[in-house]
Amino acid sequence: MAGYLLNYQNAKAFCERQNFRFLDNAERGQLAVVYPVLEHETLLQILPFLDRSMVTFAMALPFVVPPSRFSAVSEALTRLNARIYMGTWVLNSDKGEVYFRVTLPALDNEWTDDALLFAARVVVSTTEEFARDLFALAQPVSPS
């Protein structure tokens with residue numbers, strides 16, 4: 001298959017070709033592939049930022065970090081970000097949400113299914129690798 005531009009229609013066709021179970025929001029041009037993490041259905045979101053000519057693949061962990069654990073989780077994410085080569089960990093302190101994301105250029109680049117699978121696998125495998133440790137770190141500390 002020839003390369004294609006990374007837009008909503010082509011990303012949706014990619015998900016269909018891969019037989020992914022996914023949700024789509026045509027109005028916003030967003031897709032979300034359903035994938036289990038920590039025994040919960042989690043979403044690998046495919047989010048366009050057309051004004052920036054970028055598409056982000058992001059996966060949030062299936063738990064909320066309480067404010068009392070923000071500092072410890074933020075420090076862990078900083079250390080993880082220093083060790084990874086592609087993507088970044090983020091703590092959204094407004095929601096207590098931790099997610100991993102990879103952003104791809106969508107302007108004048110042609111993508112293939114193999115390249116998108118690689119990006120998706122980076123996000124999913126990185127999320128899976130660190131989910132349990134981050135969940136444990138996010139738990140409130142019991143007073144002794």
Side-chain angles (χ1 to χ4, degrees), residues 1-106 109-142:
M1 169 179 235
Y4 47 84
L5 294 177
L6 188 50
N7 58 31
Y8 169 75
Q9 294 82 8
N10 290 335
K12 183 176 179 182
F14 160 75
C15 290
E16 290 169 345
R17 284 191 299 276
Q18 302 306 312
N19 293 315
F20 289 153
R21 185 165 63 109
F22 68 96
L23 311 169
D24 70 298
N25 182 333
E27 184 177 314
R28 298 182 101 180
Q30 297 176 345
L31 301 160
V33 177
V34 180
Y35 192 87
V37 174
L38 296 177
E39 295 81 41
H40 296 305
E41 286 193 342
T42 307
L43 300 176
L44 169 60
Q45 298 178 66
I46 303 173
L47 307 168
F49 294 96
L50 300 179
D51 58 324
R52 299 179 199 158
S53 299
M54 297 179 194
V55 174
T56 295
F57 284 51
M59 182 173 261
L61 293 174
F63 58 84
V64 173
V65 178
S68 64
R69 301 302 297 155
F70 281 6
S71 179
V73 170
S74 292
E75 182 178 337
L77 297 181
T78 298
R79 291 175 188 267
L80 288 174
N81 284 333
R83 294 177 33 209
I84 58 176
Y85 296 102
M86 182 177 181
T88 190
W89 283 100
V90 177
L91 170 61
N92 178 336
S93 58
D94 291 338
K95 297 179 181 179
E97 176 183 76
V98 173
Y99 61 94
F100 185 76
R101 72 174 183 220
V102 168
T103 301
L104 306 173
N109 289 298
E110 289 196 352
W111 294 89
T112 63
D113 285 3
D114 286 345
L116 290 184
L117 273 172
F118 175 77
R121 284 183 182 132
V122 166
V123 174
V124 169
S125 66
T126 303
T127 301
E128 286 181 316
E129 182 176 351
F130 297 104
R132 286 202 188 286
D133 290 340
L134 289 168
F135 176 71
L137 189 59
Q139 299 310 299
V141 178
S142 305

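Along the sequence shown, the residues carry numbers beginning at 1.
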Engineer: Among all residues two or more places apart in sequence or in another chain, which pass the side chain to side chain donor-acceptor pair (under 3.5 Å) test with E75?
Structural biologist: R79

Engineer: When rounded to the nearest 0.5 angstrom, what is the spacing between CG in L61 and OH in Y99?
Structural biologist: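 Between atom CG of L61 and atom OH of Y99 there are 11.5 Å.
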
Engineer: When you look at CZ of F63, are more than 12 heavy atoms from neighbouring residues, nucleotides or ligands closer to it than 6.0 Å?
Structural biologist: yes

Engineer: Side-chain contact test, heavy atoms from C-beta onward, threshold under 4.5 Å: evaluate it for D51 versus F49 and give yes or no.
Structural biologist: yes

Engineer: Going through the checks in order, is the side-chain hydrogen bond (donor to acceptor under 3.5 Å, both in side chains) test met by D113 and Y4?
Structural biologist: CA-CA 9 Å; D113 285 3; Y4 47 84; 2.5 Å; yes

Engineer: Minimum heavy-atom separation for G96 to L91, with atom names?
Structural biologist: C-CD1, 4.2 Å

Engineer: Using side chain to side chain donor-acceptor pair (under 3.5 Å) as the criterion, list what pairs up with N7, not counting sequence neighbours.
Structural biologist: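 Partners of N7 under the side chain to side chain donor-acceptor pair (under 3.5 Å) test: N10.
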
Engineer: Please round to the nearest 0.5 Å and tell me the distance separating atom CG of L50 and atom CG of L6.
Structural biologist: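 Here the rounded value is 9.5 Å.
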
Engineer: Got V64 and K95 here, is their nearest side-chain heavy-atom distance under 4.5 Å?
Structural biologist: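 With C-beta onward as the side chain, the pair stays apart.
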
Engineer: Once you round to the nearest 0.5 Å, how far does CG of L134 lie from CH2 of W89?
Structural biologist: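 One finds 5.5 Å between CG of L134 and CH2 of W89.
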
Engineer: Are the side chains of Y8 and D24 in touch, meaning some heavy atoms are under 4.5 Å apart?
Structural biologist: yes

Engineer: Are any of the side-chain heavy atoms of V55 and L47 separated by less than 4.5 Å?
Structural biologist: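 A side-chain contact is absent here, since even the closest heavy-atom pair is not under 4.5 Å.
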
Engineer: Within a strict 4.5 Å, meaning less than it, do heavy atoms of the L44 and V124 side chains meet?
Structural biologist: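 SC-SC contact between L44 and V124 confirmed.
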
Engineer: Does the distance from a Lys or Arg side-chain N to an Asp or Glu carboxylate O, for E129 and R121, drop under 4.0 Å?
Structural biologist: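 A salt bridge is absent here (no side-chain N lies under 4.0 Å from a carboxylate O).
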
Engineer: List for me each residue that meets side chain to side chain donor-acceptor pair (under 3.5 Å) alongside T56, sequence neighbours excluded, and say none if there are none.
Structural biologist: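 T56 satisfies side chain to side chain donor-acceptor pair (under 3.5 Å) with T103 once adjacent residues are dropped.
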
Engineer: Roughly how far apart are R17 CZ and L116 CG, rounded to 0.5 Å?
Structural biologist: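 Going from the CZ atom of R17 to the CG atom of L116 covers 8.5 Å.
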
Engineer: Side-chain contact test, heavy atoms from C-beta onward, threshold under 4.5 Å: evaluate it for Y35 versus F20 and give yes or no.
Structural biologist: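 No, side chains not in contact.
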
Engineer: Just by distance, do the side chain of N25 and the backbone of Q30 share a donor-acceptor pair under 3.5 Å?
Structural biologist: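 Side chain of N25 to backbone of Q30, a donor-acceptor pair under 3.5 Å: no, none is there.
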
Engineer: May I ask you to test the V123-R101 pair for a side-chain heavy-atom distance under 4.5 Å?
Structural biologist: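 No, every pair of side-chain atoms sits at 4.5 Å or beyond.
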
